[in-house]
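Take a look at the structure below.
Atom set for the values below is all heavy atoms of this structure, side chains included, hydrogens, waters and symmetry mates excluded. Numbers restart at 1 for each chain; the letters A, B, ... are given by sequence-line order, proteins then strands.
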Number of protein chains: 2
Amino acid sequence: MVQSELVDLEKKLRDAQLRPTKQRLALAQLLFSDGNRHITAERLHSDAMEANVAISLATIYNNLHQFTAAGLLREVVVDSSSSYFDTNIAPRHLFFHEQSGTLKDIAKDDLKVDNIPPLPEGTEISSVDVIVRVSSTRR
Amino acid sequence: MVQSELVDLEKKLRDAQLRPTKQRLALAQLLFSDGNRHITAERLHSDAMEANVAISLATIYNNLHQFTAAGLLREVVVDSSSSYFDTNIAPRHLFFHEQSGTLKDIAKDDLKVDNIPPLPEGTEISSVDVIVRVSSTRR
DNA sequence: CAATAAATTAGAATTCTTCTAAACAAGAAA
DNA sequence: TTTCTTGTTTAGAAGAATTCTAATTTATTG
């Protein structure tokens with residue numbers, strides 16, 4: 001692990017008004033050091049165990065929510081059985097592979113949504129989420 | 001309740017290879033007699049209680065899944081806290097009101113999705129779901 | 001009317017997530 | 001540094017939604 005990386009992560013946390021504790025830094029590292037990730041709490045917990053980071057599941061949940069509130073993560077609802085968190089916070093859409101439960105980002109500009117009808121009275125758009133559900137071609 | 005309605009519902013169930021039991025007919029009535037519905041298991045259960053239909057929650061879940069497997073309902077994933085079932089099985093998109101948890105269909109032709117990028121290798125589209133999340137305008 | 005296959009049920013069990021209250025660690029101030 | 005305050009972590013309990021189990025009841029078929 002590179003020293004400057006840790007410094008960057010610490011700044012990222014501080015900017016979000018989150019104290020860079022040992023656990024928080026470790027999670028930030030697991031989440032943000034390696035390209036885009038789409039991860040569940042359970043998965044992140046086992047990643048942490050594998051990396052020999054002692055951290056409880058409660059802390060994982062706490063931090064996933066704090067990161068989300070701070071705009072460092074985005075929660076994704078694609079599957080009723082558990083919540084996913086996406087490290088890509090830019091507007092984007094998603095492929096969801098139904099068999100594997102895998103997510104893949106679609107850049108916003110790679111997909112167009114047009115002609116949204118009038119919104120229900122007294123509401124404004126908070127987001128437009130497109131999920132392209134795919135499944136393995138049986139052959 | 002109209003007699004012919006019951007006959008229709010019974011046929012609908014038989015066509016789906018589901019025996020028209022007392023509970024199943026009652027649920028079908030609650031679900032399909034009154035325009036489009038977007039409903040959770042808990043909500044359907046309390047509707048049934050109000051209508052004086054004795055039915056257990058396990059049976060509600062069993063039937064929601066059987067109806068879904070038979071193509072009479074469609075499961076909608078919009079909210080991580082509980083599953084919704086939609087009586088509109090035609091292709092459509094959805095408004096989701098974040099404060100109230102209310103869903104509203106958007107006819108397929110009222111919204112256009114274009115330029116879906118190449119699918120992941122070895123997959124085919126199973127559905128394209130657009131959820132327009134709206135929230136009350138604060139004013 | 002059996003016989004059999006399907007459906008229903010109460011309650012237990014599971015899974016994911018949140019809560020609680022105590023111990024601990026970080027940053028600020030003296 | 002030491003002290004104080006406040007934020008963080010934690011184990012384990014609690015909660016909520018859903019599924020399972022195994023026994024009973026109901027629908028259909030012969």
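- The other residues sharing a hydrophobic cluster with B:Phe95 are A:Phe95, A:Ile106, A:Leu111, A:Val113, A:Ile116, A:Leu119, A:Ile125, A:Val128, A:Val130, A:Val132, A:Val134, B:Ile106, B:Leu111, B:Val113, B:Ile116, B:Leu119, B:Ile125, B:Val128, B:Val130, B:Val132, B:Val134, where clustering joins ILVMFWY side chains under 4.5 Å apart.
- Under the side chain to side chain donor-acceptor pair (under 3.5 Å) criterion, the residue pairs touching residues 115-125 of chain B are A:Arg138-B:Glu124, with sequence neighbours excluded.
- Side-chain N or O atoms of B:Ser127 include none that pairs as donor or acceptor with a backbone N or O of B:Asp129 at under 3.5 Å.
- Residues A:Phe67 and A:Leu13 form a side-chain contact, since some pair of their non-hydrogen atoms from C-beta on lies under 4.5 Å apart.
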Nucleotide N/O to protein N/O under 3.5 Å, stretch nucleotides 17-21 of chain C:
residue: C:dT17; atom: OP1; partner: A:Ser83; partner atom: N; Å: 3.0
residue: C:dT17; atom: OP2; partner: A:Tyr61; partner atom: OH; Å: 2.3
residue: C:dT17; atom: O5'; partner: A:Tyr61; partner atom: OH; Å: 3.1

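- Between the side chains of A:Thr68 and A:Glu75, no donor-acceptor pair is found at a separation under 3.5 Å.
- Inspection of the A:Arg24 and A:Asn63 side chains reveals an N or O donor paired with an N or O acceptor under 3.5 Å.
- For DNA chain D, the outermost nucleotides in 5' to 3' order that have an atom under 4.0 Å from a heavy atom of chain A are D:dT6 to D:dA11.
- In terms of modelled atom types and a separation under 3.5 Å, the side chain of B:Ser33 and the main chain of B:Gln29 share a donor-acceptor contact.
- Contacts of A:Thr21 with the nucleic acid, taken as non-hydrogen atoms under 4.0 Å apart, involve only primed sugar atoms and P, OP1 or OP2.
- Here the C1' atom of nucleotide C:dT9 and the CD1 atom of B:Ile55 are 10 Å apart, to the nearest Å.
- A:Gln23 has its CD atom 18 Å from the P atom of C:dA23, to the nearest Å.
- Partner B:Asp105 forms a side-chain contact (heavy atoms from CB on, under 4.5 Å) with one of B:Asp110, B:Thr87, B:Leu94 and no other, that one being B:Leu94.
- Counted by atom type alone, B:His45 and B:Thr40 present zero donor-acceptor pairs between their side chains at under 3.5 Å.
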List every contact pair, protein side and nucleotides 2-6 of chain C side both N or O, where the distance is under 3.5 Å.
residue: C:dA6; atom: O4'; partner: B:Arg19; partner atom: NH1; Å: 3.1
residue: C:dA6; atom: O4'; partner: B:Arg19; partner atom: NH2; Å: 3.3

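- Sorted by first and then second residue, the salt bridge (charged side-chain N to carboxylate O under 4.0 Å, His left out) pairs with a member in residues 39-66 of chain A read A:Arg37-A:Asp47, A:Arg43-A:Asp47; sequence neighbours excluded.
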